[in-house]
There are 2 protein chains.
Amino acid sequence: MGTTERREREKEQRRNEIINSAEKVFFMKGIENATMDEIAEEAELSKGTLYLYFKSKEELFHAICSRAGKKLLGMFEESIKYKKNGLLKVKSIGQAFYDFSQGYPEYYDVIKRADSMKICDCENSHEAKKAKEQGEETLGLLKKCVIEGINDRSIRSELDPEITSIMLYGMSKGVIQIMNEVMPETGMPLIQDKKLFIESFFEFAGYGLNNQK
Amino acid sequence: MGTTERREREKEQRRNEIINSAEKVFFMKGIENATMDEIAEEAELSKGTLYLYFKSKEELFHAICSRAGKKLLGMFEESIKYKKNGLLKVKSIGQAFYDFSQGYPEYYDVIKRADSMKICDCENSHEAKKAKEQGEETLGLLKKCVIEGINDRSIRSELDPEITSIMLYGMSKGVIQIMNEVMPETGMPLIQDKKLFIESFFEFAGYGLNNQK
DNA sequence: AACATCAAATGACTAACAGTCAGTAAATAA
DNA sequence: TTATTTACTGACTGTTAGTCATTTGATGTT
């Protein structure tokens, strides 16, 4: 009798519906200003039910982070397909990160915020741990490409793949973040031509990575 | 009769004492968990008085950001003294940023968090605007050094100083941030040897900046 | 069909906290 | 001494995260 299995499926579905509603409210009102009551209303459930599926508002936030991270990882994986060598793969990951920040600004924002949070709510939050691990996996993909690049001689062999991949990831995050900042008073973006800016960054990073000359 | 002037001075001092107390509580309990009641108690004032000096908890936070930014700018300015050319100055700013993150981790944390906040609470918060403007000034100093480096031929002349300085600042922030992250589960830092890591970064960035060879 | 069992959902309730404001105290001026 | 201005107070309000005793409804049993 597949009752239990069906129950399990339905539960998973409810969970996802709740995350959907949370996304709507979080992105509409901003993370701070969103309330659990609103999310409950959006999900057409009582607040109590929300807490049957998620331990806290923060856990719900981390579930969204996890989705965002999954999307990002997927875009990275997609981007490196059919690329001829490690260096090109590394560059295409950078490009994918930029595309992610522009194509899914809310998801990008969620990841940015999670990154700046104090170290490890992982203790008590299953979702936070999941999101962190996703970050590790993403970093692992980048590292794999750096290693590939060293092996196929497109990337300088003196570089340590571990250090280099973490450095590249950090640099990309920082560059994309500052690119999206706006100036006080005017509210104008710090960078007008984002494409030029990100290309300049790729070129700059190329000097550090590239093997030829 | 200098009563008004003295009053002004005393007011400024109270303000600073409140920020001192807020720092203590914020850093002790974490920014989210700190309460205005605790800060009031620490400052030996009533909560109502706090609100005579600061419009909100957030404004108090931004006042701390402003202090942190001031400290950072000071360290940047100090670090470039007696450096022989633009490239060395740029590098020493990077080093100062690293030193700041290690020497004043709470201030570093405050800046990191402020950076990840949604664009512009500047509208209504005087302190937020002040902190943002400080960021601009800091970036301006870096730009000045890049220009100096281009003029004294220590930095490649093809680089655009505006783009390059923003890029360097973003890269540094990102690299220092990821350097301080910890892994899920174990809680181990992602980077064991921070000095090696930051040196690798300087070397890497050097390839993009350096004029010779 | 009637009843028993169990999981899922509810919403009124509590606690905690940001922010307010009518009232008090203290300093200065008259 | 009295009047006026300024600084401060703390009880109060409104909001929101999180809880839990109770209800609803589905599934299985006789």
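Throughout, a chain's letter reflects where its sequence line sits, starting with A, and its residues are numbered from 1. Predicted model only: the values in this text are computed from it and were never measured.
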Query raised in the report: Per the salt bridge (charged side-chain N to carboxylate O under 4.0 Å, His left out) rule, which among A:Glu59, A:Glu127, A:Glu8 passes with A:Arg15?
Result: A:Glu127
Query - Integer-rounded Å distance: C:dA8 P and A:Leu50 CG - result: 15 Å
**Report entry** Atom-to-atom span, CD of A:Glu8 to P of C:dA7 - whole angstrom
**Finding:** 12 Å
Query raised in the report: Tell me: CD1 of A:Ile18 to C1' of C:dA9, nearest whole Å?
Result: 11 Å
Report task. Starting from C1' on C:dG19, measure out to CD on B:Glu59 and report it in whole angstrom. Result -> 14 Å
Query raised in the report: Quick one: do the B:Tyr107 and B:Glu23 side chains pair a donor with an acceptor below 3.5 Å?
Result: yes
Report summary line: Result for 5'-nearest mapping on DNA chain D, choosing between A:Tyr51 and B:Lys11, is B:Lys11
Query raised in the report: Does atom CD of B:Glu10 have more than 12 heavy-atom neighbours from other groups under 6.0 Å away?
Result: yes
Query raised in the report: Looking at B:Glu41, B:Glu106, B:Glu42, which one forms a salt bridge (charged side-chain N to carboxylate O under 4.0 Å, His left out) with B:Lys24?
Result: B:Glu42
Query raised in the report: What is the nucleic acid contact for A:Tyr53, judged by heavy atoms within less than 4.0 Å: base, sugar-phosphate only, or nothing?
Result: sugar-phosphate
Report summary line: Whole-Å distance, A:Glu10 CD to C:dC6 P, equals 20 Å
Query - side chain to side chain contact (heavy atoms under 4.5 Å, CB included) involving B:Asn20 - partner list, sequence neighbours excluded - result: B:Arg67
Report summary line: Numerically ordered, the residues 33-49 of chain A set in heavy-atom contact under 4.0 Å with DNA chain C is A:Leu45, A:Ser46, A:Gly48, A:Thr49
Query raised in the report: Should the heavy atoms of other residues, nucleotides or ligands under 6.0 Å from NZ of A:Lys91 be counted, would the total exceed 12?
Result: no
Report summary line: note: B:Lys57, atom NZ; D:dT15, atom C1'; distance rounded to Å ~ 15 Å
Query - Nearest-Å distance for atom pair CG/P, residues B:Leu60 and C:dC17 - result: 16 Å
Report summary line: Atom CD of A:Glu58 and atom P of D:dT16 are separated, to the nearest Å, by 18 Å
